[in-house]
Amino acid sequence: IDTLLMRSVGRDRKRAPLLLGQTLVLRGINSLLVGCLCLLVGLWAEPDPSSRTLLFVFSVALIGRSLALWSNTVFIAHESSGYVLGQEVVFRLLEVLVGVSALLAGFGVIEIAFIHAASWLAQGFAGQILIRRHLLSVKLNWEASALFALLRDGFPFVLSAFLIAWLMQGTIILYGQVLGIGAELGQLALAIQALFIIGVIVSESSGPAIPVLSRSVDREDGKTSQFVDLMLRLGMVMGGVLAVTSLTAGEWLLDLLFGDAYKNTA
């Protein structure tokens, strides 16, 4: 949905009101269905009461996160990425500060999860308000044929997103199922989370270019090839720098940040 919205609005801004109404409906339905599915699977498969509570909280967080990401997509599609930066700085910083304060006050993982969910829900609603105040009014569009057309066009992106997510999260799931939940799983999860954050930085640098690139494709001016060439070169340079840094200073950095207990993460 995100890629289709950025591409279509980038090509023709006049289609934005219709597309926003359709994609918000689709995003809302999908988020509720997936959130409920996650919760039901968790209740059925997870015997531990604390884990069930966590799964409930994260299912709610999933809905808020989905709304927040849709709002970010709308801002990027209208080439107003400053709103994305503003929201991310405010809500992620608040989440960290409140979370750390809760830990210092003696609260545990469930309370931290509630803070996480509240942060994403608040960002999701704030994004809706900003869109209506500064960009355009959004009216929900329930036309079934248009929604099914979006689902059809978006399926390749769904498959791609699932494979990327599985590359990151599937390792943790399989490790936990085969070798059990222990300290080693935490070390693996930390390493993958670091990789994921670095990957997000790279993807966020290219995502906002989609509206501009979409118009470039229509003009056939060759700028898309220049962009791909630049991103590939940057990727190789960044990969080389990160590899050298991790091999030479990775263990020292992890020991500085997390202590000796996480030395295997290096």
Side-chain angles (χ1 to χ4, degrees), residues 1-39 58-92 94-95 116-162 165 203-204 206-219:
I1 292 174
D2 293 348
T3 308
L4 290 174
L5 185 59
M6 285 189 285
R7 187 179 68 182
S8 300
V9 174
R11 283 176 169 170
D12 184 4
R13 191 70 64 86
K14 293 177 182 177
R15 293 189 62 199
L18 180 66
L19 283 166
L20 263 61
Q22 292 169 345
T23 54
L24 183 57
V25 167
L26 204 55
R27 197 70 182 252
I29 293 171
N30 287 345
S31 301
L32 287 170
L33 286 175
V34 173
C36 291
L37 181 63
C38 288
L39 180 59
F58 282 128
S59 296
V60 174
L62 189 68
I63 297 170
R65 191 168 187 266
S66 182
L67 279 174
L69 293 177
W70 179 85
S71 301
N72 286 353
T73 301
V74 174
F75 293 134
I76 292 170
H78 285 81
E79 296 170 47
S80 302
S81 300
Y83 290 114
V84 179
L85 176 62
Q87 286 214 109
E88 292 296 334
V89 167
V90 170
F91 287 101
R92 294 294 73 75
L94 274 174
E95 184 178 348
H116 172 76
S119 170
W120 279 111
L121 284 168
Q123 183 174 340
F125 287 118
Q128 304 294 311
I129 294 169
L130 286 171
I131 288 167
R132 284 166 170 79
R133 282 187 178 177
H134 299 286
L135 294 181
L136 71 166
S137 179
V138 181
K139 294 182 179 179
L140 300 180
N141 189 311
W142 298 85
E143 186 183 347
S145 59
L147 297 180
F148 280 114
L150 279 171
L151 286 172
R152 182 196 64 223
D153 294 341
F155 181 75
F157 300 108
V158 173
L159 187 61
S160 170
F162 174 80
S203 68
E204 288 298 324
S206 58
I210 290 176
V212 178
L213 293 175
S214 299
R215 294 195 294 274
S216 175
V217 169
D218 289 340
R219 293 194 302 265

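Everything numeric in this text was worked out from a predicted model, so none of it was measured.
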Smallest separation among heavy atoms of Leu62 and Cys38, with atom names: CD2-SG, 4.4 Å
CG on Leu150 to CZ on Arg27, rounded to 0.5 Å: 12.5 Å
Gap separating the CD1 atom of Ile63 from the CG atom of Leu33, nearest 0.5 angstrom: 10.0 Å
Atom CZ of Arg219: over 12 foreign heavy atoms under 6.0 Å: yes
side-chain contact (heavy atoms from CB on, under 4.5 Å) between Thr23 and Leu4, intermediate numbers included: CA-CA 9 Å; Thr23 54; Leu4 290 174; over 6 Å; no
Ala61 versus His116, closest heavy-atom pair with distance: CB-CD2, 3.8 Å
Inter-residue atom distance Leu24.CG - Ile29.CD1, 0.5 Å rounding: 10.0 Å
Trace of the side-chain contact (heavy atoms from CB on, under 4.5 Å) decision for Ile131 with Phe75: CA-CA 8 Å; Ile131 288 167; Phe75 293 134; 3.7 Å; yes
Return all side-chain donor-acceptor pairs below 3.5 angstrom for residues 78-92, not counting sequence neighbours, or 'none' if the list is empty.
{"unit_1": "His78", "atom_1": "ND1", "unit_2": "Val74", "atom_2": "O", "d": "3.0"}
{"unit_1": "Glu79", "atom_1": "OE2", "unit_2": "Arg215", "atom_2": "NH1", "d": "2.8"}
{"unit_1": "Glu79", "atom_1": "OE2", "unit_2": "Arg215", "atom_2": "NH2", "d": "3.0"}
{"unit_1": "Ser80", "atom_1": "OG", "unit_2": "His78", "atom_2": "O", "d": "3.3"}
{"unit_1": "Gln87", "atom_1": "OE1", "unit_2": "Gly127", "atom_2": "N", "d": "3.3"}
{"unit_1": "Glu88", "atom_1": "OE1", "unit_2": "Arg92", "atom_2": "NH1", "d": "3.2"}
{"unit_1": "Glu88", "atom_1": "OE2", "unit_2": "Asn72", "atom_2": "ND2", "d": "3.1"}
{"unit_1": "Glu88", "atom_1": "OE2", "unit_2": "Gln123", "atom_2": "NE2", "d": "3.0"}
{"unit_1": "Arg92", "atom_1": "NE", "unit_2": "Glu95", "atom_2": "OE1", "d": "3.1"}
{"unit_1": "Arg92", "atom_1": "NH1", "unit_2": "Gln123", "atom_2": "OE1", "d": "2.6"}
{"unit_1": "Arg92", "atom_1": "NH2", "unit_2": "Glu95", "atom_2": "OE1", "d": "3.2"}
{"unit_1": "Arg92", "atom_1": "NH2", "unit_2": "Ser119", "atom_2": "OG", "d": "2.7"}
{"unit_1": "Arg92", "atom_1": "NH2", "unit_2": "Gln123", "atom_2": "OE1", "d": "3.4"}

side-chain hydrogen bond (donor to acceptor under 3.5 Å, both in side chains) between Arg11 and Ser214, intermediate numbers included: CA-CA 6 Å; Arg11 283 176 169 170; Ser214 299; 4.8 Å; no
Derivation and outcome, side-chain contact (heavy atoms from CB on, under 4.5 Å), residues Val138 and Gln128: CA-CA 9 Å; Val138 181; Gln128 304 294 311; 5.9 Å; no
Considering all heavy atoms, the nearest Gly124-Ser71 contact: O-OG, 3.9 Å
Under the side chain to side chain contact (heavy atoms under 4.5 Å, CB included) test, residues paired with Leu18 that sit two or more places apart: Gln22, Asn141
Min side-chain heavy-atom separation Trp70-Leu20 under 4.5 Å: yes
Full working for side-chain contact (heavy atoms from CB on, under 4.5 Å) between Ile1 and Phe157: CA-CA 8 Å; Ile1 292 174; Phe157 300 108; over 6 Å; no
Test item: Thr73 side-chain N/O and Leu69 main-chain N/O as donor-acceptor pair under 3.5 Å: yes
Main-chain N/O of Leu5 paired to Ser8 side chain as donor or acceptor, under 3.5 Å: no
Heavy-atom pair of closest approach, residues Leu26 and Leu147: CD2-O, 4.1 Å
Over 12 foreign heavy atoms within 6.0 Å of CZ, Arg132: yes
